[in-house]
**Student:** 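Below you will find the structure I want to go over with you.
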Amino acid sequence: MHRTHNCGELRRANAGQTVTLAGWVNSYREQGKELVFVDLRDRYGKTQVVFYTDDDSKIDSLARRLRREDVIKIVGEVRYRGDGLVNAKLATGEIEVRVQQLVVLSRSKTPPFEIEGGELPNEELRLKHRFLDLRRPELQRNIILRHELTQAVREYFNQRNFLEIETPMLGRSTPEGARDYLVPSRVHPGSFYALPQSPQIYKQILMVSGFDRYYQIARCFRDEDLRADRQPEFTQIDVEMAFVERDDVLNTIDGLVSSVMKKVRGIEVPVPLPRYTYRDVMERFGCDKPDMRFGMEITDITDIAGASEFSVFKTVSSSGGRIRGLNVKGGSEKYSRRLLDVDLKNFVGDFGAKGLAYMKVAGGKLESSIAKFFSDAQQQEIISRMQGEEGDLLLFVADTYKVTCAALAALRNRIGKEQNLYDPASFACLWVVDFPLVTWNAEEGRYDAEHHPFCQPNPEDSEYLKSDPGKVRADSYDLVVNGYEAASGSVRIHDSEVQQMVFDLLKINSEEAERRFGFLLEALRFGAPPHAGIALGLDRWVMLLAGNDNIREVIAFPKTQKAADMLTGAPSGVDDRQLRDLHIDVVEPPPK
RNA sequence: GGGGUCGUAGCUCAGUCGGUUAGAGCGCCAGCCUGUCACGCUGGAGGCCGCGGGUUCGAGUCCCGUCGACCUCGCCA
């Protein structure tokens, strides 16, 4: 062993012991000819080691040539630093190690950015030198937190009779859903494997096989454009249970969340987590993943606005649209005309809203360029319904239901953040249930599955399956945390006839269904237990627990927005030989 | 595919209305310093202003294109 202790564990009680430490030179402080301090760093902490010249020892000339990030090993005696010399900022601050022997294990080039202190360089540079970036205490903390979370998850499921079962990475492409990452087959010219978007079908088949409680920390791949909270490869805590109903899954995950939050962050999460219907959250928050750390709910004034003289509102109302708004408490003074007319208007414009109307509550009335179109009684009705008080700012979007939802949800999140309406360190977890089974795809002229094609229609709505599919609720559920979709799941179809009906609804004809999912349909014909499951986004959970808003901060080797790995240079070209083996011809895209 | 922000020293940034020799802090190098701890002090080196074109007497600055990073809409069963 190159060390007897790590750099975070020595205390005053160790004084007098001779120890061997190894680590990176974090900083270097020379005090004249006869005294040199080095802070030695490893993942456990930092320890000050001191090179001294006195009767017993001389500073090795090597010590004077040490530089940041050199890797060294020292042998020395632990000493109490002395009263008044303790560094309270370090866990090991009571002691230092007086060096008797120094071995330089490895020299470092001057790092392109500072590991500790200094401002963070741009992310491109950090990703190119990820090996250095990962030395930073923040990232070390995140990676360790991630480990603790996965261990807590495994412990929870293992104690409850779940089996961790691996499923293939090389699978069959099922064109439904996200774009697949494809892997060409060498032995089957022209055929391809797909990397899993999720282990969905495999885990259902495991249920049919009788492994009635399954989980897996599973890597998933989706070739879609990235966001701050999305990576092309990401990790799911994948769960499936047989002989259960919706609430059994919800209760199991309630338990997981409260146990894990307690274990890794010491946070008490009261369970059961609150449950809201999709309809309810869309009406009150405009989106299916509301940030419930603050209120500011959406209020509908279609009836009042439609009766006013304001033609924009009247037109929208009479054509079946909605007029809905937010009350920004005390917002009158906080948003200038320019902000409202330009910034916020353009902001909601990104979500399809053609305008943003605003009114200020002042002197018991509404103050606005459009106030004149509202009678006194209508103004009072708006104020009272929006619970307006002196100084409040009321913001309205008039459009289709869908657009008012999208625009107001985004606006609500933006204002909540910029007006500090919540404690960013707090957590608000909730279930959203009863999603629609399908949504109408106008372009393709058919219904699309909202969740996936294996999701059980709510039996109460089965009468609408043929007559009005848009009204059918799915037996599905999302777990939402601080405005992020943190988990998503459903009760699955375990009856091949019901499955066939849903395929029909999705206009997946039998031939096509057999070709694409025949193996699942066939499995369902051999005695399939009722089953249900869920998948939690591990990366997002770690991100939230780390108090971060970027998923790359909790992934050791993340990819850029164009799905490139700045460290290794992936993706890259390959030898012609490899392409020949795979029967692949590359067609260069035409020059622009 | 669309919209936006950014790209100047190793890093983070400033750089006025287009003007003569492109600056600061940190880092780096050298010297000094026996109790520092993001040590301090003194001095020094370091620039294809992302890349390519254009306008101009003159471009870091204006225009066009392009590359890259980030945010975002679409997309993500």
Side-chain angles (χ1 to χ4, degrees), chain A residues 26-40 46-54 59 67-69 79 81-90 92-93 96 98 109-129 132 174-180 197-198 200-201 220-232 234 343 346-352 406-407 410 414 435 437-439 441 443 447-455 474 476 485 488 490 502 506 508 516-517 535 537 549-550 552 559-562 564 566 591-592:
Chain A
N26 193 64
S27 63
Y28 174 90
R29 295 178 295 277
E30 210 177 334
Q31 295 289 314
K33 291 260 184 284
E34 302 184 337
L35 183 62
V36 173
F37 297 102
V38 166
D39 287 345
L40 200 59
K46 284 183 290 190
T47 299
Q48 173 166 286
V49 302
V50 55
F51 298 84
Y52 225 114
T53 296
D54 60 15
I59 296 180
R67 291 298 179 264
R68 286 166 191 246
E69 302 309 314
R79 294 199 175 181
R81 289 193 188 187
D83 298 337
L85 293 175
V86 168
N87 183 350
K89 284 187 266 179
L90 287 186
T92 61
E96 62 192 5
R98 184 144 164 187
K109 286 169 65 177
T110 300
F113 54 86
E114 291 167 59
I115 304 305
E116 223 174 330
E119 282 159 288
L120 264 187
N122 76 56
E123 208 175 339
E124 189 176 355
L125 192 78
R126 289 176 56 200
L127 292 173
K128 275 182 181 151
H129 301 270
L132 295 177
T174 52
E176 194 87 4
R179 260 187 296 273
D180 285 322
Q197 295 178 28
S198 84
Q200 182 61 37
I201 294 176
C220 305
F221 305 84
R222 294 179 191 175
D223 187 4
E224 296 292 345
D225 286 346
L226 307 182
R227 289 288 186 280
D229 65 343
R230 279 179 2 206
Q231 279 278 298
F234 59 99
D343 285 25
N346 289 342
F347 180 77
V348 295
D350 287 345
F351 302 90
R414 172 179 164 160
F435 281 77
L437 182 72
V438 293
T439 47
N441 182 334
E443 275 174 39
Y447 287 96
D448 282 340
E450 174 80 15
H451 185 54
H452 57 53
F454 318 113
C455 183
S476 67
E485 180 190 312
S488 184
S490 63
V502 171
L506 299 173
I508 301 174
R516 279 159 60 177
F517 311 112
D549 56 12
N550 194 308
R552 295 185 298 275
K559 292 189 169 49
T560 68
Q561 197 170 44
K562 284 196 175 166
M566 301 306 276
K592 286 177 193 169

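As the structure is a computational prediction, the values presented were derived from the model and not from experiment. Note on naming: letters A, B, ... go to the chains in the order of the sequence lines (proteins, then strands), and numbering restarts at 1 for each one. FYI, side chains are in, hydrogens and waters are out, and symmetry mates aren't considered; it's all heavy atoms of this structure.
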**Student:** Expressed as a whole number of Å, how far does the C1' atom of B:U55 sit from that of B:G65?
**Tutor:**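 After rounding to an integer number of Å, I get 15 Å for this pair.
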
**Student:** Using OP1 and OP2 only, check whether a side-chain N or O of A:R227 sits under 4.0 Å from B:C73.
**Tutor:** yes

**Student:** Of all residues at least two apart in sequence or in a different chain, which pass the salt bridge (Lys or Arg N to Asp or Glu O under 4.0 Å) check with A:E30?
**Tutor:** A:R64

**Student:** Between B:A69, B:C71, B:C33, which nucleotide gets closest to the side-chain atoms of A:T560?
**Tutor:**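 For the A:T560 side chain, the nearest candidate turns out to be B:A69.
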
**Student:** Please list, pair by pair, any protein nitrogen or oxygen found under 3.5 Å from a nitrogen or oxygen in nucleotides 28-31 of chain B.
**Tutor:**
from: B:C28; atom 1: OP1; to: A:R68; atom 2: NE; distance (Å): 3.0
from: B:C29; atom 1: OP1; to: A:R67; atom 2: NE; distance (Å): 3.0
from: B:A30; atom 1: OP2; to: A:R67; atom 2: NH2; distance (Å): 3.2

**Student:** For A:D225, answer base if it contacts any base atom (sugar-phosphate contacts may also be present), sugar-phosphate if it contacts only those atoms, and nothing otherwise; contact means non-hydrogen atoms under 4.0 Å.
**Tutor:** base

**Student:** From the options B:U36, B:C71, B:C73, select the nucleotide whose nearest atom is closest to the side chain of A:Q48.
**Tutor:**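 Minimum distance to the A:Q48 side chain belongs to B:U36.
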
**Student:** Ignoring backbone atoms, test whether A:K562 places a side-chain nitrogen or oxygen under 4.0 Å from the OP1 or OP2 oxygen of B:C67.
**Tutor:**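 No.
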
**Student:** Heavy atoms only, 4.0 Å cut-off, all strands: where does A:N550 land among base, sugar-phosphate and nothing?
**Tutor:** sugar-phosphate

**Student:** For A:E123, what residues pass the salt bridge (Lys or Arg N to Asp or Glu O under 4.0 Å) criterion, not counting sequence neighbours?
**Tutor:**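 With neighbours one apart ignored, the set is A:R552.
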
**Student:** Would you please confirm or rule out a distance under 4.0 Å between OP1 or OP2 of B:C71 and any side-chain N or O of A:R552?
**Tutor:** yes

**Student:** Rounding to an integer number of angstrom, what distance separates B:A45 and B:G53 when you compare their P atoms?
**Tutor:** 32 Å

**Student:** Can you sort out the partners of A:S488 under side chain to side chain contact (heavy atoms under 4.5 Å, CB included), two or more places apart, ordered by chain and number?
**Tutor:**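 Applying side chain to side chain contact (heavy atoms under 4.5 Å, CB included) to A:S488 gives A:H451, A:D478, A:E485.
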
**Student:** Which residues satisfy the salt bridge (Lys or Arg N to Asp or Glu O under 4.0 Å) test with A:E224, sequence neighbours excluded?
**Tutor:**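 If we apply the salt bridge (Lys or Arg N to Asp or Glu O under 4.0 Å) test to A:E224, skipping adjacent residues, the hits are A:R179.
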
**Student:** Would you please name every residue forming a salt bridge (Lys or Arg N to Asp or Glu O under 4.0 Å) with A:R126, sequence neighbours left out?
**Tutor:**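 Testing A:R126 for salt bridge (Lys or Arg N to Asp or Glu O under 4.0 Å), a comparison that skips the adjacent residues, returns A:D133, A:E553.
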
**Student:** Reading nucleotides 9-15 of chain B 5' to 3', which nucleotides get B (base under 4.0 Å from a protein heavy atom), which S (sugar-phosphate only), which -?
**Tutor:** -SSS---

**Student:** In whole Å, what separates the C1' atom of B:A69 from that of B:G50?
**Tutor:** 11 Å

**Student:** I'd like to check the side chain to side chain contact (heavy atoms under 4.5 Å, CB included) partners of A:A564; sequence neighbours left out, ordered by chain and number.
**Tutor:**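 A:A564 satisfies side chain to side chain contact (heavy atoms under 4.5 Å, CB included) with A:T560, A:P571 once adjacent residues are dropped.
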
**Student:** On a whole-Å scale, what distance lies between the P atoms belonging to B:G4 and B:C63?
**Tutor:**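 Going atom to atom, P in each nucleotide, I get 14 Å.
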
**Student:** Suppose we screen for side chain to side chain contact (heavy atoms under 4.5 Å, CB included). Which residues come up paired with A:R29, at least two apart in sequence or across chains?
**Tutor:** A:S27, A:F37, A:D39, A:Q48

**Student:** Under 4.0 Å, heavy atoms only, any strand: does A:E96 hit a base, just the sugar-phosphate, or nothing?
**Tutor:** base

**Student:** Of the listed nucleotides (B:U36, B:C33, B:G68), which one gets closest to any side-chain atom of A:E124?
**Tutor:** B:G68

**Student:** Considering only the P atoms, how many Å lie between B:C49 and B:G40, rounded to the nearest integer?
**Tutor:** 33 Å

